[in-house]
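Letters A, B, ... are given to chains in the order of the sequence lines, protein chains preceding strands, and every chain is numbered from 1.
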Protein chains: 2
Amino acid sequence: MSKADNHDLTKERLLDEAETLFAQKGYDAVSVREITNAARCNLAAVNYHFGNKKNLYLEVFRARWIPRSRRLQESFKKSLGGAGAASPRAVARALAEAFLVGPMSDEERFRHHQLMVRELGQSTEALELVADDVMRPFMKRLADMLHPAMPEGLGKERVLLHILSMFAMVLYFNFARGAVTRITGREYTKAFKARLVEHITEFSLTGLGVGEDLH
Amino acid sequence: MSKADNHDLTKERLLDEAETLFAQKGYDAVSVREITNAARCNLAAVNYHFGNKKNLYLEVFRARWIPRSRRLQESFKKSLGGAGAASPRAVARALAEAFLVGPMSDEERFRHHQLMVRELGQSTEALELVADDVMRPFMKRLADMLHPAMPEGLGKERVLLHILSMFAMVLYFNFARGAVTRITGREYTKAFKARLVEHITEFSLTGLGVGEDLH
DNA sequence: GTCTATAGCAGGATAGAC
DNA sequence: GTCTATCCTGCTATAGAC
């Protein structure tokens, strides 16, 4: 009876197909016809279930993106282990692990970050939803975890910049997958993803002021 | 007689306005009418000068984006100084400086990276243009500069990942400006940009395996 | 809740006058 | 080279049958 089981319901299928298409092409490049065809239902279904196209888009974030982001954060938490204070190394690794391997399929992960990047560029209504609901709290939690372990005298702002930089990498290696493959010549196999996790961890780590621990 | 002087020519105005609008909203969200209105010329001008909308888009990359990218790389080179072998620190700083302060206005820099990110997400014709023409050669030059200075035994691939990570940050702090401001509470003033350059340099640096030089 | 049919409009593109 | 007028396609959205 979980959400995935409802895939036979028209409304759920619409959300699934809409998310895929919006992620692939962007809001304006996708027509309602395209979505309803993919979902094997009638053109009018979008307006019946969601009122209009824009609302369907927002509902994709509410009903799909945000819950997935929560799962991602759960995965991060679990990967860190229940322990109290985490080392910067553990935080960096858990972050890279959750976002690059984590609890979802390759296709789902790609979709997730494509949508995010599309929103990050401009300030739309969907970003508002996401920003206060899941991004900010997560950032704050990360900052609270990292701050005590960082070199003393490091202001909150610098900690924030460190966190943003980790996100920048995680985001980039997910959404710019095509360019990364083109440049490195490597497909996103299990092995390469493991290597990316390794790389991001190390790259982040020394940036966190614990370079001495490295060797 | 430079290109900027030609802004009174319809064709040049079209390229300028098209680039701004495409960067702001994405290809599909912008209509030819919108572009010709902004350029204060007739609807038919796009088809007269460029054949069709898609071609105008590609021409924006050929005639605006790529030359600007070249100027950016020149700025990077100049910022490094003519010296032969550059230290990783010098490279990281010059890169951050060129991309975050560099030779262009804030608005132009934003436009430039917005367009890039829109293209990085999917594999379009415009990306083909850019990838082989300016991205790959620049990456290669960076790799050649950095490789000898990195810890021995560090493979070419890892050097590439380091470079990609620097690009990830530079890209992120440019195109996700809205989100960064939202999270840090800081506008992109001269002071904040200087801080970002500092941050990216340090963050990149220790990731480049020279953490010992830091303090 | 799902369908067909269609209204109503905005889009890209072109023909042809000037 | 720039304009107006117009074609035609494809879009979102809705009305109303089932």
Is A/E97 salt-bridged to A/K78, cutoff N-O under 4.0 Å? no
Position toward the 5' end of DNA chain D (nearest nucleotide), B/R33 or A/A44: B/R33
Atom CD of B/E34 and atom P of C/dA10: how far apart are they, to the nearest Å? 13 Å
So which nucleotide from C/dA13, D/dT2, D/dA13 ends up closest to the side chain of A/N52? D/dA13
Starting from C1' on D/dG1, measure out to CZ on B/F50 and report it in whole angstrom. 13 Å
Report the distance from atom NZ of A/K53 to atom P of C/dC9, rounded to the nearest whole Å. 19 Å
Starting from P on D/dC11, measure out to OH on A/Y27 and report it in whole angstrom. 13 Å
For B/N42 and D/dT2, what is the distance between atoms CG and C1' respectively, to the nearest whole Å? 6 Å
State which of C/dA13, D/dT12, D/dT2 makes the closest approach to the side chain of A/V32. D/dT12
How many Å lie between CG on B/L43 and C1' on C/dA13, as a whole number? 8 Å
To the nearest Å, give me how far apart OH (A/Y48) and C1' (C/dC3) are. 13 Å
Within 45° of the axis and under 6.0 Å from the centre of the six-membered ring of B/Y188, does NZ or CZ of B/R177 qualify? yes
Whether A/K53 engages the ring of A/Y27 as a cation-pi pair (distance to the six-membered ring centre under 6.0 angstrom, angle to the ring normal within 45°) should be assessed. yes
For the side chain of A/N47, counting heavy atoms from C-beta on, which of D/dA13, C/dT4, C/dG12 is nearest? D/dA13
Stacked cation flag A/K11 on A/F50, 6.0 angstrom / 45 deg: yes
Round to a whole Å and report the spacing from CG of A/L14 to P of C/dC3. 10 Å
Determine: side-chain N/O of A/S31 to OP1/OP2 of D/dG10, distance under 4.0 Å, yes or no. no
